[in-house]
*Asks:* 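The structure under discussion is supplied below as structure tokens; questions concerning it will follow.
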Amino acid sequence: MPRVKWSIALRLGALLASFSVFAAILAGYYTFDSSRERLQGRAERSLLATTQVLARHMQAGFGTVARDTAFLADAAAVEQDQGRLADLFKANLQAHPAYLQIRFISASDYGLELVRIDRQGDKLVRVPDDQLQEKSHFPFVFEALSLPDGEVYVSEFGINHEDAAQEAAVPVFNMASPVVQGGQLRGVVVVRVAAAPFLHNFNAALPTPYGFYLSNRWGDFLVHPDATQTFGFDRGQRILIQESFPQVAALVDGRAEEAVLSQPGTDDEEARVFAFVRMPFGNADEGRFMVVGLSQPLAVVQGEVLDLGRSILKILLVLSVVGVALAAGVSRLVTQPLQAMVKAAQAFSRGESHGALPVHRGDEVGELARSFQDMEQQISRQLAELNLSRDAMAHLAHHDALTGLPNRRMFEQRLGQVLELSRRSGRSCALLFVDLDDFKAINDTRGHAVGDLVLQAVARTIVGAVRQVDTVARLAGDEFTVLCENVDSEEAALQIVTKLQHAFEPPLDIDGEPLAVRASIGLSLFPRDAQDARTLMASADAAMYRIKQGHKRRL
């Protein structure tokens, strides 16, 4: 057989082809490896931000129950007719499907129940007087009786065994507030809430891959994707979150406020990533808390990374095939262009800029240059899309999805900044609490879709009525706030309130139809009414509540 002669060009072409393929693989690997860590870190931070938002929504939900309890206690203090008081309890139960029972319990006669309304299936039943019981030995009675007027006692979550003969043993928690009339302690109003429907209001909107976790301050699971893991203490067991997730022990011990962790998959379960936050619970001076957690399959968290890797792999395969084809006819004339391509690939893998590629050439070198340029542009587009997705999630974490206004989290940050500036400048600032009157009636009679349109119209009305420098936010439900900087006097603040009141005088345009909407507006000034953000918000909220009560009395 004749001996095959390898020309220098063929040998050089084969060598350069090997180098080209190696350089392309190396560039793709470094690009994928560096992008993977950044994208996975962003996905984990997004999961943590979602968990924090969920915890704030849950806090707002507990606050709603507390306000209802305090309102009913105030009503019990002034209403002498137990029949009318029972009707008020029934109306509140009808408005809140998660409420199981409302009671007015006497401070005397060993805590005898005076009025008790139970939810029995779809019916609301007032318990007859001969079946009322003494409850002074329960913590929600004697703890609430020791509280000042207007304060609310919040019990821990537990299984209801108080009236096992009448009610199913379901997870509940109780809120209670003292009833004070003329300076005399008459008793307490107790609202019992079913935990499952109450918590469902917050996690129902989560996508299916999410897992929801909740534990008390000792670490006992209250909510778990596996229901057999919950309320183990009621069965004589202790199923603790810190045993399933050791990193969460720092949250239970108070050494950390948040944690993000991953767990490898098993034969029965897929690998998941978890985010946990420590959520304050109950009265602030008690130091109680809960641990709220969300989980996602690791495949979902890494989905964007895998998509990027597949795109890079496809491009690298094409690039490698093109490089081998070009190397078959390479010569000394293409040595320098190929070296330039290798350098460009290495620079791109490090994120550095590189010189112009020979894309104008009509031969294989030009085709390789254009393929590389297409790869670079496609990767850049994908990274830009991922950054836009991250920015959108960051926006949702700080803004209300319905109205586009800043949410409670962003508003509290802004309030802290404004108070600090006010302290330095010596100029006052004003905080307005805006709460719609009878907004629940709009939802009940016209539907939640119209209610959402009303909230959007109210947001536009408030923004249009106040100054451009003022910060308008939606805290929750129909509660809005306006933060006014550099308000030099109470008269100036009242002018803003008056302008806002006038803005609500004409009916709002709701989908082409006029709808009269009234609002109660509470005002507090810094530093006249409070020295810190929390007290300032509480002062404005209390002022708004007084205005709202005045509206109701006039009606």
*Asks:* Working to the nearest 0.5 angstrom, can you tell me the gap between F71 CZ and Y545 OH?
*Replies:*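 If I round to the nearest 0.5 Å, the distance is 5.5 Å.
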*Asks:* Does the S155 side chain pair with the main chain of N174, one donor and one acceptor, at a distance under 3.5 Å?
*Replies:* yes
*Asks:* Identify the heavy atoms of M175 and A66 that sit nearest to each other, and give their distance.
*Replies:* SD-N, 3.4 Å
*Asks:* So, does T69 use its side chain to make a donor-acceptor pair with the main chain of V65 at under 3.5 Å?
*Replies:*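 Here the side-chain-to-backbone pair exists.
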*Asks:* Given side chains that start at C-beta, do those of R408 and Q59 come closer than 4.5 Å, heavy atoms only?
*Replies:*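 Not touching, per the 4.5 Å side-chain cut-off.
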*Asks:* Keeping S425 on the side-chain end and L421 on the backbone end, is there a donor-acceptor pair under 3.5 Å?
*Replies:* yes
*Asks:* So V291 and S215, side-chain contact (heavy atoms from CB on, under 4.5 Å) or not? Walk me through it.
*Replies:* CA-CA 5 Å; V291 177; S215 79; 3.3 Å; yes
*Asks:* For the atom pair OG (S177) and CG (L72), what is the distance rounded to the nearest 0.5 Å?
*Replies:* 9.5 Å
*Asks:* Quick check: closest heavy atoms across V152 and L147, and the distance to 0.1 Å?
*Replies:*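 So the minimum-distance heavy-atom pair works out to C-CD1, 3.7 Å.
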*Asks:* Output all residues satisfying ring pair (Phe, Tyr, Trp, His ring centres under 6.0 Å) with F142, sequence neighbours left out; order by chain, then residue number.
*Replies:* none
*Asks:* Side-chain contact test, heavy atoms from C-beta onward, threshold under 4.5 Å: evaluate it for S146 versus Y153 and give yes or no.
*Replies:* no
*Asks:* In Å, rounded to the nearest 0.5 Å, how long is the span from CD1 of I102 to CZ of R116?
*Replies:*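 These two atoms lie 12.5 Å from each other.
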*Asks:* Suppose the criterion is ring pair (Phe, Tyr, Trp, His ring centres under 6.0 Å): which pairs have a residue in residues 239-265, not counting sequence neighbours?
*Replies:* Y213-F245, F245-F274, F245-F276
*Asks:* If you take all heavy atoms of A70 and G150, which pair is closest and at what distance?
*Replies:* CB-O, 4.3 Å
*Asks:* For L432 versus C484, what's the shortest heavy-atom pair and its separation?
*Replies:* CD1-SG, 4.3 Å
*Asks:* For A259 and L251, work out which heavy atoms get closest and say how close.
*Replies:*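 The answer is CB-CD1, 3.7 Å.
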*Asks:* When you measure from the side chain of N407 to the backbone N and O of M410, does any donor-acceptor pair fall under 3.5 Å?
*Replies:*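 Yes: the side chain of N407 pairs with the backbone of M410.
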*Asks:* Under 3.5 Å, is there a donor-acceptor pair between the side chain of N283 and the main chain of E286?
*Replies:*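 Side chain of N283 to backbone of E286, a donor-acceptor pair under 3.5 Å: no, none is there.
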*Asks:* Taking CG in D285 as the centre, count heavy atoms belonging to other residues, nucleotides or ligands within less than 6.0 Å. Is the count above 12?
*Replies:* yes
*Asks:* Might you point out which heavy atoms bring V189 and A76 nearest each other, and give the distance in Å?
*Replies:* CG2-CB, 3.9 Å
*Asks:* Evaluate the criterion side-chain contact (heavy atoms from CB on, under 4.5 Å) for residue pair F439 and L455; output intermediate values, then yes/no.
*Replies:* CA-CA 9 Å; F439 177 69; L455 292 177; 3.6 Å; yes
*Asks:* Please confirm whether the backbone N or O of L436 pairs with a side-chain atom of K548, one donor and one acceptor, at under 3.5 Å?
*Replies:*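 Present.
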*Asks:* Between the side chains of T403 and R474, does any donor sit under 3.5 Å from an acceptor?
*Replies:* no
*Asks:* Are Q549 and D74 side-chain neighbours, meaning at least one heavy-atom pair lies under 4.5 Å?
*Replies:* no
*Asks:* Quick one: CD1 on I521 to CE on M544, what's the gap to the nearest 0.5 Å?
*Replies:*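 Interatomic distance, I521 CD1 to M544 CE, rounded to 0.5 Å: 10.5 Å.
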*Asks:* Would you say S244's side chain and I241's backbone share a donor-acceptor pair under 3.5 angstrom?
*Replies:*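 Checked: no pair found.
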*Asks:* Any side-chain heavy-atom pair from L536 and L415 closer than 4.5 angstrom?
*Replies:*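 Yes, side chains in contact.
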*Asks:* Using modelled atom types only, decide if a donor and an acceptor are shared between the side chain of S539 and the backbone of T535 within a distance under 3.5 Å.
*Replies:* no
*Asks:* Apply side-chain contact (heavy atoms from CB on, under 4.5 Å) to residues F526 and L431 and explain how you reach the verdict.
*Replies:* CA-CA 8 Å; F526 174 88; L431 176 61; over 6 Å; no
*Asks:* CZ of R534: more than 12 outside heavy atoms within 6.0 angstrom?
*Replies:* no
*Asks:* State yes or no: are the ring centers of F231 and F157 separated by less than 6.0 Å?
*Replies:* no
*Asks:* Taking it one step at a time, do V469 and E485 satisfy side-chain contact (heavy atoms from CB on, under 4.5 Å)?
*Replies:* CA-CA 7 Å; V469 297; E485 301 179 51; 5.5 Å; no
*Asks:* Quick one: does any side-chain atom of E113 pair with a main-chain N or O of Q133 as donor and acceptor, under 3.5 Å?
*Replies:*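 Yes, because the side chain of E113 sits within donor-acceptor range (under 3.5 Å) of the backbone of Q133.
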*Asks:* Measuring only between side-chain heavy atoms, which start at C-beta, is L114 closer than 4.5 Å to D109?
*Replies:* no
*Asks:* So how far is it from N216 CG to F281 CZ, rounded to the nearest 0.5 Å?
*Replies:*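 Atom-to-atom, N216:CG and F281:CZ are 9.0 Å apart.
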*Asks:* Check the orientation of H224 and F221. Use parallel for under 30°, tilted for 30 to 60°, and perpendicular for over 60°.
*Replies:*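 Perpendicular, since the angle between the ring planes exceeds 60°.
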*Asks:* Does the salt bridge (Lys or Arg N to Asp or Glu O under 4.0 Å) test come out yes or no for E156 and R288, once each step is laid out?
*Replies:* CA-CA 9 Å; E156 298 289 343; R288 291 192 289 164; 3.1 Å; yes
*Asks:* Any side-chain heavy-atom pair from F198 and H96 closer than 4.5 angstrom?
*Replies:*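 Not touching, per the 4.5 Å side-chain cut-off.
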*Asks:* Tell me, do L419 and D532 make a side-chain contact under 4.5 Å, heavy atoms counted?
*Replies:* no
*Asks:* Backbone N or O of L93 within a donor-acceptor pair of the R119 side chain at under 3.5 Å?
*Replies:* yes
*Asks:* Any heavy-atom pair between the side chains of L112 and Y110 that's under 4.5 Å?
*Replies:*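 No. Closest side-chain heavy atoms not under 4.5 Å.
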*Asks:* Starting at CD1 of I239, measure out to CZ of F233 and round the result to the nearest 0.5 Å.
*Replies:* 10.5 Å
